[in-house]
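To keep things clear, I will list the structure first and then write my remarks on it.
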Amino acid sequence: MSGNLPGGRIEAALQLSGGAQNRAVLESWQRCEERFGLAHDTLRRPEVISESQTRQLRDRNGRLYHHAHDLVRTLYRKIDASGYAVFLTDNSGVILDSVAAQSLLPSFRTNGLLPGAVWSEEREGTNGIGTCIVEGRAITIHKDEHFLAQHSVLTCTAAPVFDPDGKVCSVLDVSAVREDIKRPDCLRVRGMVADYADALERILFFDERAGDVILHLHPDARHVGSTRDAMISIAPDGTISGATSTARRILAAANNSTDISQMFEMDVENLVAKLASPDGQGASATPLNIAGGGVLFGSVTIPERMRRRYVGRSTPTARKAPSLPARPVADIPDKDAALRRIFEIGTRLHAKDINVLMSGETGSGKEYLARHIHEATLGKSKAFVAINCAALPEGLIENELFGHAGGAFTGAARDGFGGRIREANGGTLFLDEIGDMPLAAQGRLLRVLESRTVEPLGSTKSVPVDFRLICASNVDLNRAVAEGKFREDLLYRIKGARLAVPPLRERSDLADLIGRLLAVLSDDYVQCEDDVLALLIAHGWPGNVRELINVLQYAAVFAEDGVIERHHLPDDFHAAPTDEETPTPRQTMARAEADALRQLLEDQQWHISNTAKALGIGRNTLYRRMARLGIERR
């Protein structure tokens with residue numbers, strides 16, 4: 001690299017979390033200098049196209065802009081740390097849409113982050129948007145990692161959105177102009193941005209390939225039909241007409257097959273006949289042998305115009321419904337008594353077709369429990385369709401749930417789309433974060449639950465459906481009803497039984513769970529040192545199981561000898577404020593909680609059993625709470 005880059009800036013680029021990130025930034029710096037002729041100390045005004053040109057770009061990217069509009073705003077609401085803004089760009093890095101706090105708009109505009117601004121690498125050097133387009137993967141460009149020194153106040157985390165042909169068609173970016181953001185702070189943000197970019201990719205894929213058979217694939221039958229599966233669109237002649245980014249990795253492993261017969265050694269008609277259920281919904285997961293070796297589980301979504309062609313071709317005996325047991329026939333590996341009780345109660349209720357409503361913090365395992373309850377009653381062969389109501393744009397959730405007739409709205413698929421409720425026919429529909437469902441969609445869902453029929457948007461024909469319902473929410477739905485945000489009649493319909501899922505910090509089997517997760521997350525045997533295990537058990541885990549998985553994934557990478565030690569944990573895991581720092585609201589609440597618990601222990605003369613009884617909790621829970629708050633037993 002040329003000498004006009006000061007050594008300090010090169011060192012800053014090298015102080016990164018991982019070789020891939022290191023390589024991406026350094027290669028971007030080389031492009032900036034050698035190909036684009038940029039200098040790190042160049043001061044330049046942002047390039048912003050006119051409002052009329054921006055409108056033309058939005059029109060040209062009509063489907064993208066339409067589908068992403070509400071999603072961008074939902075993502076902004078989910079980024080709970082202050083000072084962030086969310087941006088949507090086209091495939092060349094021009095910002096099409098943005099949302100930020102009104103008070104911060106001048107700061108973002110001063111730094112060139114506004115609709116119409118061009119953020120390609122060629123124009124602005126190494127940056128979240130432009131480098132994400134080049135790399136084709138989620139990336140964070142943190143402060144001095146920007147090539148142009150004038151952008152060193154920015155922290156930008158971006159993820160690409162791919163079209164069905166595998167090309168980057170857009171970028172979702174979350175940026176901040178804040179001095180206090182450290183690189184580890186960006187891990188959670190990057191995960192969220194990547195998830196929302198993936199959701200947008202799936203929405204665009206369904207819209208643009210709705211006229212083709214869509215094949216859903218996953219190595220685990222439980223994830224077929226969920227947001228984790230890979231999707232391949234198949235033209236009538238059997239050629240692969242499109243694939244999601246996850247599916248492209250599968251295609252690459254299958255010698256970059258371009259025809260379905262090359263991949264599965266059967267033509268499209270035989271493949272669909274193998275996967276389609278007798279009603280043509282294609283909801284069940286079926287094992288498929290891949291040419292060259294390996295097995296994947298698959299199901300199909302069949303366009304309305306093609307459904308008659310395949311109905312009845314599959315073998316009815318292969319789809320015989322299992323008998324419904326009065327007691328669970330499956331089990332969960334978890335040892336926490338509260339969690340196991342929820343599983344047993346939920347399984348018995350689900351077997352009797354009684355709706356279940358789960359409450360609990362985000363990431364506490366509500367979908368995990370719902371899936372195991374489904375499998376214990378209906379079996380793995382029946383469809384489990386999971387929908388996160390908060391992750392879908394308000395304007396698209398009705399289309400996603402109820403489907404639409406051909407030509408129902410501008411940009412709608414010509415042949416229509418059946419909707420996720422119909423995909424759940426014969427199985428289980430899991431609606432996560434149902435409290436975020438718009439009121440209009442709540443009314444339509446209530447009619448479906450009462451009539452057991454679904455009417456696609458733009459259609460007057462009702463289609464019978466038979467599914468079992470599990471809902472989940474991390475908000476108080478009673479309060480939402482009082483505030484006019486949730487229908488009272490729908491609440492009474494979905495809460496045949498309400499089950500409260502405990503947060504991770506209150507579980508009694510945390511040590512066992514950590515061991516099981518490490519066995520799954522690492523190819524080699526990895527365990528925690530005793531003091532690290534104590535730290536993990538005492539941690540508050542506001543992000544619950546999701547946060548625990550992130551921490552363990554990070555630590556397992558650096559535990560080269562198979563033992564996780566303190567210095568292997570993320571930097572922000574043990575971060576504590578200095579005397580000069582202002583404590584965060586969470587730290588203030590923790591101190592208040594510790595003071596109150598210490599006072600209660602004093603009142604009970606440090607008698608653990610009496611104190612636990614006064615709090616209405618078990619002795620083990622009290623010990624964990626004391627450890628988390630740093631209270632030593634006297």
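All residue numbers refer to positions in the sequence shown, counting from 1.
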Between T157 and I139, is any pair of side-chain heavy atoms under 4.5 Å apart? no
Do V118 and V48 touch side chain to side chain, with heavy atoms closer than 4.5 Å? no
Ion pair E145/R183, N-O distance below 4.0 Å: yes
Using a 3.5 Å distance criterion without hydrogens, assess whether the side chain of R44 forms a donor-acceptor pair with backbone atoms of R123. yes
State which residues pass side chain to side chain donor-acceptor pair (under 3.5 Å) with S364; sequence neighbours excluded, sorted by chain then number. none
Measure the NE2-OG1 distance between H216 and T244 for me, rounded to the nearest 0.5 Å. 10.0 Å
Report the C-alpha distance between R31 and V134 in whole Å, list the side-chain angles of each, state the deciding distance to 0.1 Å, and finish with yes or no for side-chain contact (heavy atoms from CB on, under 4.5 Å). CA-CA 11 Å; R31 287 192 296 272; V134 175; 3.5 Å; yes
So if I apply the side chain to side chain contact (heavy atoms under 4.5 Å, CB included) rule between V161 and each of L88, L200, V171, which one comes out positive? L200
Please check: side-chain N/O of N127 versus main-chain N/O of G125, any donor-acceptor pairing under 3.5 Å? yes
For the residue pair E361 and N544, confirm or rule out a side-chain donor-acceptor distance under 3.5 Å. yes
Which heavy-atom pair separates E201 from S245 by the least distance, and what is that distance? OE2-N, 2.6 Å
State, with a plain yes or no, whether a side-chain heavy atom of R77 is found less than 4.5 Å away from one of V99. no
Minimum side-chain heavy-atom gap L288-L271 below 4.5 Å: yes
Only residue of N388, L401, V385 satisfying side chain to side chain contact (heavy atoms under 4.5 Å, CB included) with L431 is L401
Between I240 and D259, is the side-chain contact (heavy atoms from CB on, under 4.5 Å) condition met? List the steps. CA-CA 5 Å; I240 295 174; D259 191 286; 5.9 Å; no
Does the H142 side chain pair with the main chain of I181, one donor and one acceptor, at a distance under 3.5 Å? yes
Verify, without hydrogens or angle tests, whether K143 (side chain) and E179 (backbone) share a donor-acceptor contact under 3.5 angstrom. yes
Please check this pair: side chain of Y76 against backbone of A101, looking for a donor-acceptor N/O pair closer than 3.5 Å. yes
Could you measure the distance from the CD1 atom of I260 to the CG atom of L215? Nearest 0.5 Å is fine. 5.5 Å
Non-hydrogen side-chain atoms of S98 and L114 separated by less than 4.5 Å: no
If you define the side chain from C-beta out and look only at heavy atoms, does anything of E433 sit under 4.5 Å from D436? yes
Taking atom types as modelled and ignoring hydrogens, do the side chains of S28 and E121 form a donor-acceptor contact shorter than 3.5 angstrom? yes
With S241 via side chain to side chain donor-acceptor pair (under 3.5 Å) - residues at least two apart: D212, S233
Rounded to the nearest 0.5 Å, how far apart are CG of L64 and NE2 of H69? 12.0 Å
Between D163 and R63, is there a side-chain N and carboxylate O pair less than 4.0 Å apart? no
Under-4.0 Å salt bridge between R190 and D195: no
Hey, what's the ring geometry for F384 with F430, parallel, tilted or perpendicular (30° and 60° as the breaks)? parallel
State whether R178 and D180 are salt-bridged, where the test is any N-O pair (Lys NZ or Arg NE/NH1/NH2 against Asp/Glu carboxylate O) under 4.0 Å. yes
When rounded to the nearest 0.5 angstrom, what is the spacing between CG in L75 and CZ in R73? 11.0 Å
What is the distance from atom CG of D59 to atom OH of Y65, rounded to the nearest 0.5 Å? 9.5 Å
Output every pair passing ring-ring contact (aromatic ring centres under 6.0 Å, His included) with a member in residues 148-176, not counting sequence neighbours, ordered by first then second residue. W119-H151
A side-chain contact here means heavy atoms from C-beta on lying under 4.5 Å apart; do T362 and R546 qualify? yes
Paired with V72, the side chain to side chain contact (heavy atoms under 4.5 Å, CB included) test is passed by just one of L96, L172, D173, namely L172
Could you tell me which non-hydrogen atom of G543 sits nearest to which non-hydrogen atom of E547, and how far apart they are? N-OE1, 2.8 Å
Could you tell me which non-hydrogen atom of V551 sits nearest to which non-hydrogen atom of L569, and how far apart they are? CG1-CD2, 4.0 Å
Return each pair, listed once, that meets salt bridge (charged side-chain N to carboxylate O under 4.0 Å, His left out) where at least one residue sits in residues 232-256; pairs must be two or more places apart or across chains. none
So, D198 side chain and A194 main chain: donor-acceptor pair closer than 3.5 Å or not? no
What pair of heavy atoms forms the shortest contact from F87 to L113, and how long is it? CZ-CB, 3.5 Å
When you measure from the side chain of D90 to the backbone N and O of V94, does any donor-acceptor pair fall under 3.5 Å? yes
Judged by atom type as modelled, is there a donor-acceptor pair below 3.5 Å linking the side chain of T42 to the main-chain atoms of L38? no
With rounding to the nearest 0.5 Å, note down the distance linking CD in Q150 to CG in L43. 5.5 Å
Under a 4.5 Å cut-off applied to non-hydrogen side-chain atoms, are N91 and I133 in contact? no
Pair D432-K366, side-chain contact (heavy atoms from CB on, under 4.5 Å): steps then yes or no: CA-CA 8 Å; D432 197 8; K366 297 185 290 293; 4.0 Å; yes
Residues T126 and C32: closest non-hydrogen pair is N-SG, 3.4 Å
Once side chain to side chain donor-acceptor pair (under 3.5 Å) is applied, do any residues pair with T89, and if so which ones, sequence neighbours excluded? none
Salt-bridge present (E135, R23; N to O < 4.0 Å): yes
Closest non-hydrogen atom pair, G128 against I141: N-CG1, 3.6 Å
Measure the acute angle between the ring planes of Y554 and F558, then classify it against the limits of 30° and 60° as parallel, tilted or perpendicular. tilted
Take S50 and Q53, measure what side chain to side chain donor-acceptor pair (under 3.5 Å) needs, and give me the verdict at the end. CA-CA 5 Å; S50 67; Q53 289 175 307; 3.2 Å; yes
Step-by-step side-chain contact (heavy atoms from CB on, under 4.5 Å) determination, V300 to I214: CA-CA 6 Å; V300 287; I214 295 180; over 6 Å; no
Residues in side chain to side chain donor-acceptor pair (under 3.5 Å) with E367, at least two apart? none
